[in-house]
Amino acid sequence: MIHIAETVAVGSVEGFLTDGERDQLAALMRAFLTSERRSHFGEQRSSSIHEIPGHTPEQAMAVYEPAGRVEIPKIPEQAEQLLQDAFDRARPALSRVMPSITTCRPWTYVEYGPGQHITSHLDGIAPDPLAWPRQIAGISVVISEAEDGGGFYVETSSDSRLWDTRLGHSPGSGYTPGMWLAHDGADHSADWFTQMPRTRWTVSPARGTALLYGSQLAHGTEPVVRGRCAKFISWLTAEAGER
């Protein structure tokens, strides 16, 4: 049974990656990102992992990443396997704070240069939150830090506009009774979201730490001031019949 606490939680897995694994991942991506590929997945990119109903991919990118970024949704197989192995090692720690999680989706590589950032938004559980699978949380692990800026943050709010539906007692739904579901469109395309008062929490993770953030928790990345920030991100899901 999925509890709301899982979808608004923050957490961390220290030692998710060893220094050697971080170095290996950094080397794999350096080899993959030739100048041509960097341009293809950067300034020439016309698609995004972020979607906004009623908006084109270009419009969604302008909302989420107004200054752009490098985004690679299908990373080299060796990097994917290394990260999935790290997830498997972390399962005992993850199950204590987010027990509904069963699966880690394929990882995405993102990289930010000066002025680049991600605006605050919620990932959400699913377009149809009664369907499966359901996103419980996002996960990210930094491979290289920027010299200044580029930090991750989450935002909390008590504003009632954030919440859309409260589920009643519905046997078989997979949710605990009284589960609240966040309003669709919780991103910078919605005036109600940008006007909603929020409290920002920033983090200072140690090298190799994976950060966890619930799917109904606002989050983003601050602008890079100097240098480049590179990280891998994914989404942790609950599958029907595996809870």
Side-chain angles (χ1 to χ4, degrees), residues 1-12 48-57 59-65 73 94-106 108 118-140 152-201 203 211-221 233-243:
M1 298 286 281
I2 298 170
H3 193 282
I4 189 173
E6 297 180 77
T7 68
V8 295
V10 293
S12 58
S48 172
I49 60 174
H50 295 118
E51 298 178 348
I52 304 175
H55 291 63
T56 66
Q59 290 171 327
M61 291 167 65
V63 169
Y64 278 83
E65 40 170 309
L94 292 168
S95 66
R96 287 191 288 270
V97 292
M98 297 175 175
S100 296
I101 291 171
T102 61
T103 306
C104 179
R105 285 182 169 160
T108 294
I118 286 289
T119 57
S120 182
H121 64 281
L122 271 68
D123 291 334
I125 292 175
D128 176 2
L130 296 181
W132 299 92
R134 298 170 183 175
Q135 288 186 163
I136 304 300
I139 183 171
S140 68
F152 177 78
Y153 63 83
V154 298
E155 292 178 332
T156 55
S157 178
S158 61
D159 197 303
S160 62
R161 285 175 292 180
L162 183 61
W163 302 103
D164 181 51
T165 302
R166 189 181 190 189
L167 301 177
H169 180 62
S170 179
S173 71
Y175 293 109
T176 57
M179 174 76 177
W180 279 96
L181 300 175
H183 200 290
D184 287 339
D187 56 42
H188 275 229
S189 69
D191 290 340
W192 67 266
F193 182 78
T194 58
Q195 296 165 4
M196 185 179 72
R198 304 190 297 274
T199 298
R200 181 170 293 189
W201 308 68
V203 298
L211 300 177
L212 312 171
Y213 41 98
S215 58
Q216 299 197 111
L217 184 66
H219 60 279
T221 297
I233 60 175
S234 187
W235 293 267
L236 308 178
T237 64
E239 302 282 349
E242 298 184 27
R243 306 181 299 285

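Computation of the quantities below employed the complete heavy-atom set of this structure, encompassing side-chain atoms and omitting hydrogens, waters and symmetry-equivalent molecules. The shown structure was predicted, so the numbers you read here are calculated from the model rather than taken from an experiment. We're numbering straight along the sequence, starting at 1.
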For the pair [X] (side chain) and [Y] (backbone), establish whether a donor and an acceptor sit closer than 3.5 Å, ignoring hydrogens and angles.
| X | Y | value |
| --- | --- | --- |
| His55 | Pro53 | yes |
| Ser12 | Leu211 | no |
| Arg198 | Phe193 | yes |
| Tyr175 | Pro129 | yes |
| Thr102 | Thr237 | yes |
| Ser157 | Pro197 | yes |

Report the C-alpha separation of Leu217 and Leu122 in whole Å, then their side-chain angles, then the decisive distance to 0.1 Å, and conclude whether the side-chain contact (heavy atoms from CB on, under 4.5 Å) test is met.
CA-CA 6 Å; Leu217 184 66; Leu122 271 68; 5.9 Å; no
For Gln135 and Ser215, run side-chain hydrogen bond (donor to acceptor under 3.5 Å, both in side chains): C-alpha distance rounded to whole Å, both residues' side-chain angles, the deciding distance at 0.1 Å, then the answer.
CA-CA 6 Å; Gln135 288 186 163; Ser215 58; 5.7 Å; no
Run the side-chain contact (heavy atoms from CB on, under 4.5 Å) check on Met179 and Thr7 step by step: do they pass?
CA-CA 10 Å; Met179 174 76 177; Thr7 68; 4.0 Å; yes
Flag side-chain contact, heavy atom, 4.5 Å: [X] against [Y]:
| X | Y | value |
| --- | --- | --- |
| Ile49 | Ile233 | yes |
| Leu212 | Ile139 | yes |
| Gln216 | Trp180 | no |
| Val10 | Val203 | no |
| Val154 | Phe152 | yes |

Nearest heavy atoms of [X] and [Y], plus distance in Å:
| X | Y | result |
| --- | --- | --- |
| Arg105 | Ser234 | O-OG, 2.5 Å |
| Thr119 | Tyr153 | C-OH, 3.9 Å |
| Ile2 | Ala238 | CD1-CB, 4.2 Å |
| Leu162 | Ala186 | CD1-CB, 4.4 Å |
| His219 | Asp123 | CE1-OD2, 3.3 Å |
| Ala126 | Pro133 | CB-O, 4.1 Å |

In this structure, which one of Glu6, His3, Arg134 forms a side chain to side chain donor-acceptor pair (under 3.5 Å) with Ser100?
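Testing Ser100 for a side chain to side chain donor-acceptor pair (under 3.5 Å) against Glu6, His3, Arg134 leaves exactly one candidate, Glu6.
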Side-chain H-bond candidate by donor/acceptor type, Ser189 with Asp187, under 3.5 Å:
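There is such a pair between these side chains.
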Yes or no on side-chain hydrogen bond (donor to acceptor under 3.5 Å, both in side chains) for Ser120 and Glu155, after CA distance, side-chain angles and deciding distance?
CA-CA 8 Å; Ser120 182; Glu155 292 178 332; 2.5 Å; yes
What's the spacing between Ile136 CD1 and Leu94 CG if we round to 0.5 Å?
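One gets 12.0 Å once the value is rounded to the nearest 0.5 Å.
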Within this structure, what is the CD1-CG distance for the pair Ile125 and Leu181, rounded to the nearest 0.5 Å?
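It comes to 5.5 Å.
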Evaluation steps, side-chain hydrogen bond (donor to acceptor under 3.5 Å, both in side chains), between Thr156 and Trp201
CA-CA 8 Å; Thr156 55; Trp201 308 68; 2.9 Å; yes
Decide if the gap between the ring center of His188 and the ring center of His121 is smaller than 6.0 angstrom.
no
Got more than 12 heavy atoms from elsewhere within 6.0 Å of CD, Gln59?
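Atom CD in Gln59 is crowded, with more than 12 foreign heavy atoms closer than 6.0 Å.
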